[in-house]
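Right, one structure below, let's go through it.
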Amino acid sequence: MAMKKLDCRRSLVCSMVALVFLVTACTELDAEIASTGQLLDATAEGLGLHPMTPTNAHWQPCSLYINANDGRAECATLEMPLFWDNPDDFRTTSVFVKRVRALSGVAQKQIWMLSMMGGFDFQAALDYFHYAFPTADIYTFDHRGVGNSDALVCPDQEAIASDGGETITENEIRDCIDHLTLVYGDALGAYGTTFAAMDLAALIDASGEADQDVILYGASYGSYLVQRYLQFFPDQSDAIVLECIAPPDFSTKLDDLFGNLVGRHLLSLCADDEICSQKLGPNPHQTVRALYQKIANGHCPELGLDKAALQFASLRLLHNQTTASLLMPMFYRMDRCNESDRAALNRFWNVALFGGPSPTSLGYHHQALHFNVRYSELWAHPLYDLFNLDRLYLKLEQRCLFCFGQGPMHASNYELWPRYNDPHDNQWAMTDQPMLMFQGMMDPYTPYPQSRSVALNYDGPGQNYLAFRYAGHQVVGASPYLTENGVGYCAAELLMGFIHDPTAAIDASCVSRVLPHNFAGDPATSQFFFNTPDYWENE
């Protein structure tokens, strides 16, 4: 489809990288546009695109599920300019895109599912959306530097047989940086959010499908990517969905602080719950803190856990509402630690923490890219930079119950990393597109306190920010509420209605009716995670 019209009167649009007119050309047109009220026809030629911009994708049959050889999708690889802001630089990078065609045969919409890892993150979601929206083509792409796109990798440091396995450790970071600097040089700065947003715009334009509405669905980092894209293309797409939202000024510097606050709130919910407080006592926070001390003193050595590993696992399990509710039975079983408990806990960790193939085992290397974007764009923050990090991290190490404990490592890596500077970082988009924004108030990764700023900046007609009290880093599949016919899922229902008609008024009354954490559990869930019919007991 052809790119839609851009208004040069918007200063952010006029400053977009490579895909806008040269600043001088845009300035010369301002007076004419203001006097005539006409918008600029943003065709590829009018925008002055990089001369190597792809014009069409050549689709081939491929697998929906990675390495499944199922032939259910179509894939293409397009060569993108390595530097979108330099038409004289003819270096390129490969970007991989996948789509599942509409069941109806003639698609009315394109839905783009966006995250940092693209196809790996969304392969099951593509399958679900394929049937949920039979008149839509469902797309995703591998962010430049990931997976089937040209991967940004430290091969020795990310090898499974290396010091930290797939993880780049503190002992490996300098060698990784040396490798990236030697192999990529100045090109390391090309693997960031802005140029990935340019890739997305070019992929939409190269999809070869005219007259389809374009809906972008960005989750977690994908929400951050979509907002960068909207700085440059406020009108190319037709509607926006953001979930687990990272605002443009998002910072990962205080990850453990926010994560621990979410965990402490969960313990407060346990104290107010009849069943949970019966198991962990009237002060679950005190009970769990005592358990941590017992673990540090050698309690239940068969589990092979130390305090740091327990902190790490506990924060990981806050990810969604189901595993967060299972955290309390986990603590209870660890404290009791009989033979049946140990078997149940091993089952739980294997399913909840280690279930399924890892991204790296499927070729989705991403940690080097993650570090590149994290330290260049997602670390420094005017407010959080005022914290004494050494003191904060030491206090968290001593007192935190839900922590990755990686703050000092990231602070050290930040100083070492060859960071790029992106002038479009920390900038808000200006768009009047319909937007549906979902945020979990118990999200430990893209925390609610940080996400709230999007409600102030995207507050136009048809732009709706909805906060879910009990949801974590997953909202659409974790918002159950009681209906006349049983249990519904609030965010999923709102999403379905929005994608069907983004301009329709939204009835968000179900948000206040979402059910709290289910600490009692149900036999099927317990059987799946603990291999016992009860969350708490083994009988």
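Everything quoted here is computed from the prediction, not taken from an experiment.
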Open item on the list: With a sphere of 6.0 Å drawn around CZ of Arg289, does it hold more than 12 non-hydrogen atoms of other residues, nucleotides or ligands?
Closed with: yes

- [ ] May I ask you to decide if Cys400's main-chain N or O and Gln311's side chain share a donor-acceptor pair within less than 3.5 Å?
- [x] yes

Open item on the list: Is it the case that the side chains of Asn485 and Thr483 hold a donor-acceptor pair, with the cut-off being a distance below 3.5 Å and no angle test?
Closed with: no

Task: Electrostatic pair Asp127-Arg72, nearest N-O below 4.0 angstrom - done: yes

- [ ] Determine whether the side chains of Tyr465 and Asn457 contain a donor N or O and an acceptor N or O closer than 3.5 Å.
- [x] no

Task: N/O donor-acceptor pair under 3.5 Å between Arg419 side chain and Tyr414 backbone - done: yes

Task: Polar side chain donor-acceptor pair, Tyr292 to Ser314, under 3.5 angstrom - done: yes

Open item on the list: Within the supplied structure, the quantity of interest is the number of heavy atoms (other residues, nucleotides, ligands) at a distance under 6.0 Å from Arg101 CZ; does it exceed 12?
Closed with: yes

Task: Matching residue for Tyr139 among Tyr217, Trp112, Phe129 - test: ring-ring contact (aromatic ring centres under 6.0 Å, His included) - done: Trp112

TODO: Look at atom CZ of Arg469 and say whether more than 12 heavy atoms of other residues, nucleotides or ligands are closer to it than 6.0 Å.
DONE: no

Open item on the list: Does either side chain, that of Arg228 or that of Thr194, offer a donor lying less than 3.5 Å from an acceptor on the other one?
Closed with: yes

Open item on the list: Among residues at least two apart in sequence or on other chains, which ones pass side-chain hydrogen bond (donor to acceptor under 3.5 Å, both in side chains) with Glu397?
Closed with: none

Using atom types as modelled, flag every donor-acceptor pair under 3.5 Å from a side chain in residues 495-504 to any protein atom, sequence neighbours excluded.
residue: Asp501; atom: OD1; partner: Thr503; partner atom: N; Å: 3.1
residue: Asp501; atom: OD1; partner: Thr503; partner atom: OG1; Å: 2.7

Open item on the list: I'd like to know if the side chain of Tyr191 pairs up with that of His143 as donor and acceptor (distance under 3.5 Å, no hydrogens or angles considered).
Closed with: no

- [ ] Could you list all the salt bridge (charged side-chain N to carboxylate O under 4.0 Å, His left out) pairs where at least one residue sits in residues 256-276, not counting sequence neighbours?
- [x] none

Open item on the list: Would Arg333 pass as a cation-pi partner of Phe348, given that its NZ or CZ must be under 6.0 Å from the six-membered ring centre and within 45 degrees of the axis?
Closed with: no

Open item on the list: Under the disulfide (SG to SG under 2.5 Å) definition, can you give me all pairs with a residue in residues 229-275, not counting sequence neighbours?
Closed with: Cys270-Cys276

Open item on the list: Filter on disulfide (SG to SG under 2.5 Å), then keep only pairs touching residues 442-493, sequence neighbours left out; what's left?
Closed with: Cys490-Cys510

Open item on the list: For Gln227, give me all partners under side-chain hydrogen bond (donor to acceptor under 3.5 Å, both in side chains), at least two apart in sequence or on another chain.
Closed with: Tyr458

Task: Short side-chain donor-acceptor distance under 3.5 Å, Thr252 and Asp255 - done: no

